[in-house]
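Just so it is clear, the model here is predicted, and its values are computed rather than measured. These numbers come from the heavy atoms of this one structure, side chains and all, not from hydrogens, waters or symmetry mates.
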Number of protein chains: 2
Amino acid sequence: MTEDARAAARERVIESMEQSAEVYGLSRSAGRIYGVLYFAARPRSIPELVEETGYAKSTVSNVTRTLTRIGLIHRRSSEGGGRRVRFEAEPEIWFVLQDVFRQYVQRELQATLRDVQRAEDRLPNDGSRERERIRRLTETYEDLQEIVQLASSYSASELREALESYEP
Amino acid sequence: MTEDARAAARERVIESMEQSAEVYGLSRSAGRIYGVLYFAARPRSIPELVEETGYAKSTVSNVTRTLTRIGLIHRRSSEGGGRRVRFEAEPEIWFVLQDVFRQYVQRELQATLRDVQRAEDRLPNDGSRERERIRRLTETYEDLQEIVQLASSYSASELREALESYEP
DNA sequence: CCGTTTGTTCGGTTCTACCCGAACAAGCGA
DNA sequence: TCGCTTGTTCGGGTAGAACCGAACAAACGG
């Protein structure tokens, strides 16, 4: 009976994770698989995830790979010596966000900043509109890069504290 | 000849914007149309954008609508009295990011926080794993919401300053 | 009032991503 | 060794998005 309540609460949160997943550019299956692992008391193998999510084995295999690459879940391969692979969820969402900032957002910002700076260098410093626009872009992207760099080096509570205590 | 250089630089940056666009979940056409408007000295109508981008009229119509909704470009409908609609780019990218934070990220965070808190309220405060996991989620999302809230209320340079001057 | 220009909407095509089932590879135990 | 379980990879079906052309709506100029 209280188990029913727990299952219902779990299911609600997992459905919310499914929705969040597609907002963040992942598939719904990724949201559900992460959710199941997030609440699981012990790591799960692929057949267990197939059983608990209803997805096909191949889907679970592919999704677990991408989730592992992102850092949302971890492979615990060595356990009991079997070939069996076990996955568990990374419980600290902020760690995952830090990784995403560093691995993807930073990289993307850096790439565009590089392109824009290259364009700026090739353009003679006339007072043209192109020059002025490109100049503004580089300034903005330099700010953004620094912001993301610093933000990803703090914990969530530190970051919150930094913003709350700031007086312009 | 210097016009060639300017056109080349413009084209480079616009191509970079195309790439960024699809990273941010928009289409390549959206990146190009924003880019053309970003460098344009005066607002452009839809036929002009068709001419300068090579996209079909219907595509330009649809893309300009979504870009307007996001706030990346603005409609200047009243001009010379004609039915002609004119678009111009929002040059301050940070303003757009602030809007996105407030309109989409905040809303998304709020929705999940609401779902999670609702699940938490329905669950009796036993020491169960579900309870503990859901508790951790709400704490993280409360932090995230506050962070995004504050970050979107500062200018880019203020935000950078806030992070640079913070001492844990 | 009619032709022209502008903008939106609709149906169709193409392309991509998700997911599935089936085949395959790899190890374990009898 | 053979069967059984686990995990990956491959081909295909399906749904959704991007883009196009054509039809339609709305306003202005003659």
Side-chain angles (χ1 to χ4, degrees), chain A residues 14-15 17-37 40 42-70 72-88, chain B residues 14-15 17-37 40 42-70 72-88:
Chain A
I14 290 178
E15 281 170 9
M17 287 177 174
E18 285 180 330
Q19 192 164 347
S20 298
E22 55 185 5
V23 172
Y24 302 151
L26 297 173
S27 57
R28 293 184 67 85
S29 54
R32 172 154 297 266
I33 289 176
Y34 174 80
V36 168
L37 291 176
R42 56 177 176 73
R44 294 290 148 101
S45 68
I46 288 189
E48 289 169 335
L49 288 173
V50 168
E51 169 65 25
E52 294 180 62
T53 65
Y55 285 108
K57 201 173 41 159
S58 55
T59 302
V60 174
S61 176
N62 288 320
V63 170
T64 49
R65 182 174 41 218
T66 71
L67 288 181
T68 302
R69 180 160 41 82
I70 299 176
L72 268 165
I73 66 178
H74 303 287
R75 280 182 83 121
R76 300 273 174 251
S77 39
S78 59
E79 162 77 26
R83 170 170 163 73
R84 216 173 180 145
V85 176
R86 291 157 198 282
F87 296 95
E88 66 182 2
Chain B
I14 290 178
E15 280 170 10
M17 286 177 174
E18 284 180 332
Q19 193 165 346
S20 297
E22 55 185 6
V23 172
Y24 302 151
L26 297 174
S27 57
R28 292 184 67 84
S29 55
R32 173 154 294 266
I33 289 176
Y34 175 79
V36 168
L37 291 176
R42 58 177 175 73
R44 295 290 148 100
S45 68
I46 287 188
E48 289 169 335
L49 287 173
V50 169
E51 168 65 25
E52 294 180 62
T53 64
Y55 285 108
K57 202 173 42 160
S58 55
T59 303
V60 174
S61 177
N62 288 321
V63 171
T64 49
R65 182 174 41 219
T66 72
L67 287 181
T68 302
R69 180 161 39 81
I70 298 175
L72 269 165
I73 66 178
H74 303 288
R75 281 182 82 124
R76 300 274 173 251
S77 39
S78 59
E79 163 77 25
R83 171 170 161 73
R84 218 175 177 141
V85 176
R86 291 157 198 281
F87 297 95
E88 64 183 3

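The local environment of CD in A:Glu51 is sparse, with at most 12 non-hydrogen atoms from other residues, nucleotides or ligands closer than 6.0 Å. Counting non-hydrogen atoms of other residues, nucleotides and ligands closer than 6.0 Å to CD of A:Gln19 gives a total of 12 or fewer.
With rounding to whole Å, B:Phe87 atom CZ is found 6 Å from C:dT8 atom P. Between the CZ atom of B:Arg84 and the C1' atom of D:dA26 there is a distance of 15 Å, rounded to whole Å. Residue B:Glu22 contributes atom CD, which lies 16 Å from atom P of D:dA17 at whole-angstrom precision. B:Tyr55 places its OH atom 11 Å from the P atom of D:dA18, with the value rounded to the nearest Å. Distance NZ (B:Lys57) to P (D:dG21): 11 Å, rounded to an integer number of Å. In this structure, the CD1 atom of A:Ile46 is 18 Å from the P atom of C:dA25, given to the nearest Å. For the pair A:Leu49 CG and C:dC20 C1', the interatomic distance rounds to 17 Å; values are reported in whole Å. For the pair A:Glu51 CD and D:dT5 C1', the interatomic distance rounds to 15 Å; values are reported in whole Å.
In this model, the phosphate group of C:dT9 is not approached by any side-chain N or O of B:Ser61 to a distance below 4.0 Å at OP1 or OP2. The phosphate of D:dG7 (OP1 or OP2) has no side-chain N or O of A:Arg65 nearer than 4.0 angstrom. The side chain of B:Thr59 contributes no N or O atom lying less than 4.0 Å from OP1 or OP2 of D:dA18. OP1 and OP2 of D:dG21 both lie 4.0 Å or more from every side-chain N or O belonging to B:Ser58.
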List the steps, then state whether side chain to side chain contact (heavy atoms under 4.5 Å, CB included) holds for B:Ile70 with B:Leu26.
-> CA-CA 11 Å; B:Ile70 298 175; B:Leu26 297 174; 3.7 Å; yes

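When each of D:dC20, C:dT8, D:dA18 is scored by its nearest atom to the side-chain atoms of B:Ser27, the top-ranked nucleotide is D:dA18. Side-chain proximity of A:Ser29 to C:dC19, D:dT6, D:dC19: nearest is C:dC19.
A distance of 10.0 Å separates CD1 in B:Ile14 from OG1 in B:Thr53, rounded to the nearest 0.5 Å. Within the model, atoms OH of A:Tyr55 and CG of A:Leu49 stand 12.0 Å from one another, a figure rounded to the nearest 0.5 Å.
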